[in-house]
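Each remark here refers to the structure printed beneath this line.
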Amino acid sequence: MTVRVVVGGALCHEGRLLAARRSAPPELAGRWELPGGKAEPGESVPEALVRELREELGVETEPLERIPGEWPLGPGLVLHVWSARLLSGEPAPLEDHDELRWLGPDELDSVDWLDQDRPAVAEAGRRLRDG
Ligand code: C5P
């Protein structure tokens, strides 16, 4: 079975990390995630991240580096996370989300993250703290 990568973006700006609240499907709605989505065949993972963040948030971003680790999402899907920086635009919840929040390193526990996103969020928080 081919495994498809879902890429989440740890988008950091001015010392804060962007959290996005899912609006669908019903079993995930209300939980928070690192915004992103599935890489298409023929697309690299960082290319997919740039496209997904453009579609979902209306921003231009630059992927920086992969946060080590790989988190299974169910049959045939695995989550990778890349750090990214904002190049232009103000994120807006255009697709898939109903609220966005910029969280400082001491605020990361204030939202209910999807379980599979938590290790990468913790690592992104450490990186924010360390500058
Ligand atoms: O966003 P989309 O519906 O394409 O995501 C596909 C799957 O990846 C969903 O099951 C979602 O729960 C998961 N996902 C995740 N963490 C993210 C982004 C997506 O677990 N940061």
Side-chain angles (χ1 to χ4, degrees):
M1 182 176 55
T2 357
V3 175
R4 275 184 82 178
V5 173
V6 171
V7 58
L11 183 62
C12 296
H13 186 61
E14 296 178 346
R16 294 184 299 168
L17 175 71
L18 190 71
R21 191 171 68 184
R22 289 190 69 107
S23 52
E27 61 276 17
L28 300 179
R31 307 281 304 276
W32 294 74
E33 68 176 11
L34 298 168
K38 292 188 194 79
E40 299 293 341
E43 190 179 45
S44 73
V45 172
E47 282 167 358
L49 180 63
V50 169
R51 176 183 53 71
E52 289 283 351
L53 296 183
R54 185 183 295 136
E55 289 170 3
E56 293 186 356
L57 308 173
V59 292
E60 294 303 320
T61 58
E62 179 189 19
L64 297 175
E65 56 186 355
R66 185 167 162 202
I67 293 188
E70 179 165 276
W71 298 278
L73 296 176
L77 272 189
V78 70
L79 175 68
H80 289 192
V81 174
W82 280 67
S83 61
R85 72 185 185 99
L86 191 58
L87 293 177
S88 65
E90 178 76 22
L94 304 179
E95 243 182 36
D96 300 342
H97 304 110
D98 60 6
E99 193 179 336
L100 302 175
R101 275 188 210 166
W102 288 107
L103 300 175
D106 299 326
E107 299 172 312
L108 295 177
D109 291 338
S110 66
V111 300
D112 183 21
W113 294 99
L114 293 177
D115 296 336
Q116 57 272 22
D117 285 39
R118 286 174 194 262
V121 168
E123 176 58 24
R126 282 191 284 275
R127 293 178 183 201
L128 279 181
R129 246 186 227 104
D130 296 345

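Indexing begins at 1, ligand by ligand and atom by atom, following the structure's order.
- Considering only non-hydrogen protein atoms, atom 16 (N) of ligand 1 sits nearest to Asp117 OD1, 2.8 Å.
- Using modelled atom types, one side-chain atom of Trp113 and one backbone atom of Leu108 make a donor-acceptor pair closer than 3.5 Å.
- Protein heavy atom closest to atom 4 (O) of ligand 1, with residue, atom name and distance, is Lys38 NZ, 3.9 Å.
- Using 4.0 Å as the threshold, Glu52 has no heavy atom nearer than that to any atom of ligand 1.
- When each atom of ligand 1 is checked for a heavy atom of Leu114 under 4.0 Å away, the hits are 15 (C), 16 (N), 20 (O).
- Within the 3.5 Å criterion, the main-chain N or O of Ala24 finds a donor-acceptor partner in the side chain of Arg22.
- In this structure, the protein non-hydrogen atom closest to atom 18 (C) of ligand 1 is Glu33 OE1, 3.2 Å.
- The closest protein non-hydrogen atom to atom 13 (C) of ligand 1 is Leu73 CD1, 3.8 Å.
- At least one donor-acceptor pair under 3.5 Å links the side chain of Asp117 to the backbone N or O of Leu34.
- Counting only residues at least two apart or on different chains, no ring pair (Phe, Tyr, Trp, His ring centres under 6.0 Å) pair has a member in residues 18-53.
- Applying the 6.0 Å contact sphere to CG of Asp112 captures more than 12 heavy atoms from other residues, nucleotides or ligands.
- No donor-acceptor pair under 3.5 Å is formed between the side chain of Arg85 and the backbone N or O of Leu64.
- Proximity annotation for atom 3 (O) of ligand 1: of Glu27, Gln116, Arg22, Arg22 comes nearest, heavy atoms only.
- In this structure, Trp102 belongs to a hydrophobic cluster whose other members, linked by side-chain heavy atoms under 4.5 Å apart, are Val3, Val5, Val7, Leu11, Leu18, Val45, Leu49, Leu53, Leu57, Val59, Val78, Trp82, Leu86, Leu100.
- For atom 12 (O) of ligand 1, the nearest non-hydrogen atom of the protein is Leu28 CD1, 3.1 Å.
- Remark: ligand 1 and Leu34 share an N or O pair separated by less than 3.5 Å (distance only, no angle test).
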